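Because the structure is predicted, anything quoted here is derived from the model rather than measured. So you know, we letter chains A, B, ... as the sequences are listed, proteins then strands, and number each from 1.
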Amino acid sequence: MIIQSSRFGELDITATDIINFPHGIPGFPNEKAFVAIVSDPDSPFSFLQSTTEANLTFLLADPFTFFKDYEFELDDEVARELGVSPEKPPQVFIIATVKEKLEDMTANLLAPVVINSHERIGRQIILDKSGYKTRHRLFPNGLPEQSAQGGR
Amino acid sequence: MLALTRKPGERIVIGDNIVVTVVDIKGENIRLAIDAPREIKIYRGEIYDDIVVENKQAAVPLNMSEMDILKVLHLKK
């Protein structure tokens with residue numbers, strides 16, 4: 001089926017591309033079906049696109065690229081609902097917020113997005129006892145050098 | 001939207017399996033005890049609100065230039 005994305009244009013997806021968010025997402029309680037868009041598998045960034053709202057695209061980041069000590073306990077009920085376990089671990093993403101200047105980007109470590117990519121179920125969970133915040137700078141030392149990667 | 005007045009010790013039953021009990025009141029602070037099934041998550045309102053606000057800001061704005069997106073995507077893991 002074709003879905004619309006303001007960011008990516010028309011996307012031809014199948015049912016198996018859809019990741020279900022049975023609880024919606026805080027602020028968007030009726031948004032329960034998304035697709036993941038990965039433009040560059042080596043990049044820590046990807047996108048979560050709503051299948052029903054063309055304008056709704058979240059920028060996701062791999063938390064461990066930026067915060068190697070990031071950790072949290074996944075509640076048993078949530079783990080059960082998502083069908084994940086130490087043997088079948090979930091994918092974890094943090095939602096990034098873009099500011100006027102790219103280097104001011106922040107990400108929400110207080111509420112990561114946890115996805116079981118095999119069963120295609122996801123949930124944004126709130127780590128209210130963790131001490132993490134909704135805004136952690138991804139580039140506290142400025143953007144990394146983009147200089148020549150070739151010739152290595 | 002239902003507004004109730006309760007005294008310490010009194011309860012509110014929500015649905016079939018959620019019970020809110022007013023434990024006590026000290027000055028401005030009201031202590032509540034909430035009994036709910038473990039699959040129902042309970043958060044202080046300001047924490048939940050903060051997540052909602054941040055999610056809404058994070059929904060990628062349409063004016064983020066294509067160049068910025070490309071730059072962002074080429075940062076390596």
> Which residues in residues 109-117 of chain A have a heavy atom less than 4.5 Å from any heavy atom of chain B?
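Checking residues 109-117 of chain A against chain B gives A:L110, A:A111.
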> Could you look at B:I40 and say if it's the side chain, the backbone, both or neither that has a heavy atom under 4.5 Å from chain A?
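Interface part for B:I40: neither.
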> Any residues in residues 46-55 of chain B near chain A, with a heavy-atom distance under 4.5 Å, and which are they?
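Heavy-atom contacts from residues 46-55 of chain B to chain A are B:I47, B:Y48, B:D50, B:I51, B:V52, B:V53, B:E54, B:N55.
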> Does a sphere of radius 6.0 Å around NZ in A:K88 hold more than 12 heavy atoms from other residues, nucleotides or ligands, not counting ones at 6.0 Å or beyond?
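No, not enclosed.
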> Enter the distance from B:K56:NZ to A:I25:CD1 here, rounded to the nearest 0.5 Å.
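That separation rounds to 12.5 Å.
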> Determine whether more than 12 heavy atoms belonging to other residues, nucleotides or ligands lie under 6.0 Å from atom CD of A:E71.
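No, CD of A:E71 has 12 or fewer neighbouring heavy atoms, counting only those of other groups under 6.0 Å.
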> Cluster question for you: counting only ILVMFWY and a side-chain heavy-atom cut-off of under 4.5 Å, with indirect links fine, are A:F8 and A:V38 together?
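No; A:V38 is not reachable from A:F8 via cluster members.
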> Do B:V22 and B:I42 land in one hydrophobic cluster if side-chain heavy atoms of ILVMFWY residues count as linked below 4.5 Å?
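Linked within one cluster.
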> Within the supplied structure, the quantity of interest is the number of heavy atoms (other residues, nucleotides, ligands) at a distance under 6.0 Å from B:R11 CZ; does it exceed 12?
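Check fails, neighbour count at 12 or below.
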> Please look at A:T106 and chain B and tell me whether the side chain, the backbone, both or neither of the residue comes under 4.5 angstrom of a heavy atom of that chain.
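For A:T106, the contact with chain B is made by the side chain alone.
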> Answer yes or no: is there a side-chain heavy-atom contact under 4.5 Å between B:K41 and A:E77?
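When only atoms from C-beta onward are counted, A:E77 and B:K41 do touch, with a gap below 4.5 Å.
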> Tell me, for A:Q124 versus chain B, whether the close heavy atoms (under 4.5 Å) come from the side chain, the backbone, both or neither.
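It is the side chain, since no backbone atom gets that close.
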> Taking side chain as everything from C-beta outward and backbone as N, CA, C, O, which of these in A:I126 sits under 4.5 Å from a heavy atom of chain B? Side chain, backbone, both or neither.
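Contact with chain B is through both the backbone and side chain of A:I126.
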> I need the minimum non-hydrogen distance between B:A58 and A:A96, along with the two atoms involved.
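Distance-wise, the nearest heavy atoms are CB-O, 3.6 Å.
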> Tell me, for A:F64 versus chain B, whether the close heavy atoms (under 4.5 Å) come from the side chain, the backbone, both or neither.
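Neither part, no heavy atoms under 4.5 Å.
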> With clusters defined by side-chain heavy atoms of hydrophobic residues (ILVMFWY) lying less than 4.5 Å apart, directly or transitively, does B:I25 cluster with B:I34?
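In one cluster: yes.
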> So, do A:R80 and B:R38 sit near enough that their side-chain heavy atoms are less than 4.5 Å apart?
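Heavy-atom side-chain distance check fails, nothing below 4.5 Å.
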> Looking at A:R137, I'd like to know if its CZ atom is crowded, meaning that more than 12 non-hydrogen atoms belonging to other residues, nucleotides or ligands lie closer than 6.0 Å.
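More than 12 within 6.0 Å, yes.
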> Is it true that B:I18 and B:I12 fall in one hydrophobic cluster, defined by side-chain heavy atoms closer than 4.5 Å?
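Same cluster.
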> Find out if a path of hydrophobic residues (ILVMFWY) with successive side-chain heavy-atom gaps under 4.5 Å connects B:V13 to B:L2.
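Cluster IDs for B:V13 and B:L2 differ.
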> Please enumerate all residues that pass side chain to side chain donor-acceptor pair (under 3.5 Å) together with B:E39, with sequence neighbours excluded.
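For B:E39, no residue satisfies side chain to side chain donor-acceptor pair (under 3.5 Å) once neighbours in sequence are set aside.
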> Please report the closest heavy-atom contact between B:A59 and A:F28, naming both atoms and the distance.
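Closest approach of B:A59 to A:F28, heavy atoms only: CB-CZ, 4.4 Å.
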> So, using ring pair (Phe, Tyr, Trp, His ring centres under 6.0 Å) as the criterion, who are the partners of B:Y43 when residues are at least two apart?
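Scan of B:Y43 (ring pair (Phe, Tyr, Trp, His ring centres under 6.0 Å), adjacent residues dropped) gives none.
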